[in-house]
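Here is the structure we will look at.
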Amino acid sequence: MFQIIEFYQGTPDTVMERLCRTISNFDRSWLEECVPASEEQIQQLEGICGQYGYRVPKVYLDYLKAMGERDGGLLEREWDGYMEPGIHTILELFCEDDFDAADDLQRGLLLFSYHWTDANCYLRVSGSEDNPVVTDRENHYFAGSFEKYLFQKAFDMYQEKFKHKSSVGTSVNSCDAILKKHSFPCSICGGTAEEKMEFVRWFAKSIDLHEKETWFGDDFHFFYYNEHYALKVNIYGSLLLVFSCDDIMLKKKIDSKLSHIF
């Protein structure tokens with residue numbers, strides 16, 4: 001179904017050029033749905049950041065210039081698929097007296113994606129990095145950088161293209177039990193990120209997946225892929241694994257191994 005794709009890294013192109021080329025490899029119509037933020041909107045956001053002594057990070061600024069008004073559904077995919085990353089929404093929230101976007105920015109957290117449950121995503125701008133860490137409102141690490149976050153969401157788009165999906169989720173306590181079952185050291189409450197990631201790498205090899213880890217994985221996200229399948233594991237909190245493919249026999253094989261391991 002797919003041509004061989006690559007989630008490009010390390011070329012002379014900008015982050016957004018690499019992102020657009022990557023997604024266009026498997027969804028040629030996506031770019032047509034993207035609408036950049038206007039210069040006026042960008043200047044308004046830069047002015048808001050400047051009031052608190054911060055600047056808009058370069059990678060986010062490039063995102064705004066390329067698709068800040070509408071990004072073809074790219075960043076909507078967090079949580080339940082109802083995130084609102086559009087620049088018009090972000091600017092409106094900064095103007096609402098009963099919303100805390102300005103207070104969060106004063107603490108060095110720039111809102112870039114809103115969810116109606118307040119499960120929002122922020123850029124940690126207090127360090128003045130061009131490519132900052134993505135956090136939640138409590139300033140907890142959520143993704144290794146905004147660039148990695150963009151490619152993680154692009155991976156979600158790629159994974160959705162496959163016909164078959166298998167998934168496993170654990171609670172904090174059951175994650176502990178699984179680690180113990182397979183002789184991995186763990187804490188009382190779900191294991192540390194390092195312990196869980198060690199288990200994830202062991203799991204990928206145990207089901208005969210021998211691809212190279214992607215460059216856009218981080219402390220809480222692990223990805224394998226080729227033209228035949230896609231594997232994503234999120235260990236933020238507990239553990240969530242999603243495997244997708246087009247081959248029904250491969251899916252049955254993975255399902256069998258998942259039931260044995262989990």
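The minimum heavy-atom distance between P85 and S113, with the atom names listed, is CB-OG, 3.8 Å. Between A101 and L93 the shortest heavy-atom distance is CB-O, 4.1 Å. Scanning both residues, V125 and P57, for their nearest heavy atoms gives CG1-CG, 3.7 Å.
Annotation: F142 is not in aromatic contact with F220 [ring centroid separation under 6.0 Å not met]. For Y224 and F222, the ring centers sit closer than 6.0 Å to each other.
The closest donor-acceptor contact from the side chain of W79 to the backbone of A119 lies under 3.5 Å. Side-chain N or O atoms of W30 include one that pairs as donor or acceptor with a backbone N or O of D71 at under 3.5 Å. Between the E213 side chain and the F223 main chain, no donor and acceptor come within less than 3.5 Å of each other. Looking only at distances, no side-chain donor or acceptor of Y122 sits under 3.5 Å from a matching main-chain atom of G108. One N or O on the side chain of S206 and one on the backbone of F203 form a donor-acceptor pair closer than 3.5 Å. Counting only distance, with no hydrogens or angles, the side chain of E69 and the backbone of P36 share no donor-acceptor pair below 3.5 Å. E195 places a side-chain N or O within donor-acceptor distance of the main-chain N or O of T192, the cut-off being under 3.5 Å.
A salt bridge links K58 with D62: the distance from a Lys NZ or Arg NE/NH1/NH2 to an Asp or Glu carboxylate oxygen falls below 4.0 Å. We find that R55 and E46 are not joined by a salt bridge, their nearest charged nitrogen and carboxylate oxygen being 4.0 Å or further apart. The existence of a salt bridge linking E129 and R124 is excluded, since no basic side-chain nitrogen approaches an acidic carboxylate oxygen closer than 4.0 Å. Ion pairing of K163 with D247 is absent here, as no side-chain N (NZ or NE/NH1/NH2) approaches a carboxylate O to less than 4.0 Å. Under the 4.0 Å criterion applied to side-chain N and carboxylate O atoms, R18 and E147 are assigned as salt-bridge partners. Taking a cutoff of 4.0 Å between a charged side-chain nitrogen and a carboxylate oxygen, R137 and D100 qualify as a salt bridge.
No chain of hydrophobic side-chain contacts below 4.5 Å, direct or via other Ile, Leu, Val, Met, Phe, Trp or Tyr residues, connects F243 to L240.
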Dump the intermediate steps for salt bridge (Lys or Arg N to Asp or Glu O under 4.0 Å) on K252 and D255, then the final yes or no. CA-CA 5 Å; K252 290 180 178 179; D255 285 344; over 6 Å; no

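Note on ring orientation: taking the six-membered ring where Trp is involved, the planes of Y225 and Y158 are perpendicular (angle over 60°, cut-offs 30° and 60°).
Just one of F151, F216, Y60 meets the ring-ring contact (aromatic ring centres under 6.0 Å, His included) condition when paired with F146; it is Y60.
No side-chain N or O of S174 forms a donor-acceptor pair with one of D176 less than 3.5 Å apart.
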